[in-house]
Amino acid sequence: MLIFTDKISLHQAVLDHKKNGATIGFVPTMGALHDGHLSLVNTALKENSIVVVSIFVNPTQFNSYSDLENYPRTPEKDLPLLKALGDKVWVFLPTVKDIYENQITSTSYSFDGLENQMEGKFRDGHFNGVGTVVSKLFEITVPDTAYFGEKDFQQLQIIRKLVEKEKIGTEIKSCPIHREPNGLAMSSRNQRLTDEEKENAAIIYQTLLWAQENFQNKSISELQDFVTERFLQEPTIELEYFEIADEQTLETITQKDIDKKYRAFIAVFIRDIRLIDNIALN
Ligand code: AMP
């Protein structure tokens with residue numbers, strides 16, 4: 001494993017290796033690594049000569065100061081996990097100043113409406129922040145392929161749109177959601193949950209599985225009513241949204257069209273800890 005803390009030396013090293021025929025895989029993360037992140041890195045390692053993993057808690061994608069402050073930062077645990085994956089892994093640990101210089105602001109993007117659905121409605125400016133940091137990181141790391149998790153499915157579709165619109169020559173690959181044994185989607189934010197909260201949070205995936213099983217025989221409003229009702233009976237978990245949306249446009253639907261692919265998307269709060277998840281329905 002190599003560690004880079006400044007963008008110029010990383011950029012130069014990437015260009016030198018690409019000149020010699022190396023392919024670069026890139027896995028952007030905000031650290032507090034878990035098996036979900038590591039699955040992305042392992043997939044990237046199978047397909048590239050070098051895999052750059054960035055660990056950077058991006059301030060511009062947080063719409064709540066306390067969420068940014070409380071986001072887990074555990075470099076002392078992250079680095080040994082990446083080291084164990086071998087010499088082909090290069091870790092990029094930039095500072096905020098390195099990425100944003102003196103202007104911690106986002107570019108304003110249009111992602112053809114993808115940004116206005118679900119997370120976009122509830123996290124003002126979030127996808128402008130994501131687009132801004134991913135563009136900057138792509139410029140530095142010049143990846144042949146970048147790997148994103150389906151856990152953040154809306155983000156994945158936004159990055160595909162970003163690459164298409166900005167004509168960025170990086171292929172975007174998606175990786176399946178990694179889950180805890182009880183079905184809870186792995187997330188850095190899970191570290192802030194107590195054991196009891198983690199156990200209770202299994203209801204998130206159980207609800208998604210229920211929606212998947214009942215997608216064909218119930219209407220969209222029946223599915224939504226059931227889910228709303230189920231969470232009203234859970235005093236410790238607050239449902240922010242449960243939506244069924246077209247996989248491509250992410251537009252939420254009220255009626256099914258048999259030719260289209262749909263997913264259920266959910267966001268909940270446990271105390272101030274926000275968790276999201278999603279599942280393919282057909
Ligand atoms: P984050 O550090 O949360 O910004 O996530 C970095 C990358 O890891 C993103 O592409 C996420 O979608 C992906 N990721 C996070 N959690 C999971 C998971 N449970 N399974 C698969 N990928 C994940």
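Atoms considered below: every heavy atom in the structure, side chains included; atoms not considered: hydrogens, waters and symmetry mates. Atoms within each ligand, like the ligands themselves, are counted from 1 in listed order.
- No more than 12 heavy atoms of other residues, nucleotides or ligands sit less than 6.0 Å from atom CG of Asp124.
- Between the choices Arg189, Gln61, His34, Glu150, the shortest heavy-atom distance to atom 16 (N) of ligand 1 belongs to His34.
- The residue from Glu247, Glu251, Glu243 that alone fulfils the salt bridge (charged side-chain N to carboxylate O under 4.0 Å, His left out) condition with Arg263 is Glu247.
- Among all non-hydrogen protein atoms, the one lying nearest atom 6 (C) of ligand 1 is Pro28 O, 3.3 Å.
- Residue contact annotation: Tyr71 has a non-hydrogen atom under 4.0 Å from ligand 1.
- The number of heavy atoms from other shown groups lying within 6.0 Å of CG (Asp87) does not exceed 12.
- Considering backbone and side-chain atoms together, Ser188 places no N or O closer than 3.5 Å to any N or O of ligand 1.
- Here Leu40 has side-chain heavy atoms under 4.0 Å from ligand 1, and that is the only part of it that gets that close.
- Per-residue contacts place Met186 under 4.0 angstrom from the following atoms of ligand 1 (heavy atoms of the residue considered): 16 (N), 17 (C), 18 (C), 19 (N).
- For the pair Cys175 and ligand 1, the shortest N or O to N or O distance does not fall below 3.5 Å.
- The nearest heavy-atom contact from the protein to atom 4 (O) of ligand 1 is Met30 CG, 3.6 Å.
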May I have the step-by-step check of ring pair (Phe, Tyr, Trp, His ring centres under 6.0 Å) for Phe127 and Phe111, ending in yes or no? CA-CA 9 Å; Phe127 289 119; Phe111 297 116; 7.3 Å; no
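- For atom 20 (N) of ligand 1, the nearest non-hydrogen atom of the protein is His178 N, 2.8 Å.
- Atoms of ligand 1 found under 4.0 Å from any heavy atom of Phe148, numbered from 1 in the order shown, are 10 (O).
- Ile266 places a side-chain heavy atom less than 4.5 Å from the side chain of Leu208.
- The only option from Phe148, Tyr147, Phe138, Trp90 that meets the side-chain contact (heavy atoms from CB on, under 4.5 Å) definition with Phe26 turns out to be Phe138.
- Between Gly149 and ligand 1, at least one N/O pair is under 3.5 Å apart.
- Lys151 CB, 3.9 Å is the protein heavy atom nearest to atom 23 (C) of ligand 1.
- Taking a cut-off of under 4.0 Å to the non-hydrogen atoms of Ile177, the atoms of ligand 1 that pass are 20 (N), 21 (C).
- If you check which protein heavy atom lies closest to atom 12 (O) of ligand 1, you get Asp152 OD2, 2.6 Å.
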Dump the intermediate steps for side-chain contact (heavy atoms from CB on, under 4.5 Å) on Thr252 and Tyr241, then the final yes or no. CA-CA 11 Å; Thr252 54; Tyr241 66 75; over 6 Å; no
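- By the criterion of a heavy-atom distance under 4.0 Å, the backbone of Pro176, and not its side chain, is placed next to ligand 1.
- Counting protein heavy atoms only, atom 5 (O) of ligand 1 is closest to His37 NE2, 3.4 Å.
- Side-chain atoms of Tyr100 and Thr60 include a donor-acceptor pair closer than 3.5 Å.
- In this structure, Asp112 pairs ionically with Lys161, as a charged nitrogen and a carboxylate oxygen lie closer than 4.0 Å.
- Using a 4.0 Å cut-off between charged side-chain N and carboxylate O, Glu240 and Lys121 make no salt bridge.
- Side-chain atoms of Lys97 and Asn102 form a donor-acceptor pair, as typed in the model, at a separation below 3.5 Å.
- Distances below 4.0 Å separate heavy atoms of Thr29 from the following atoms of ligand 1: 2 (O), 6 (C).
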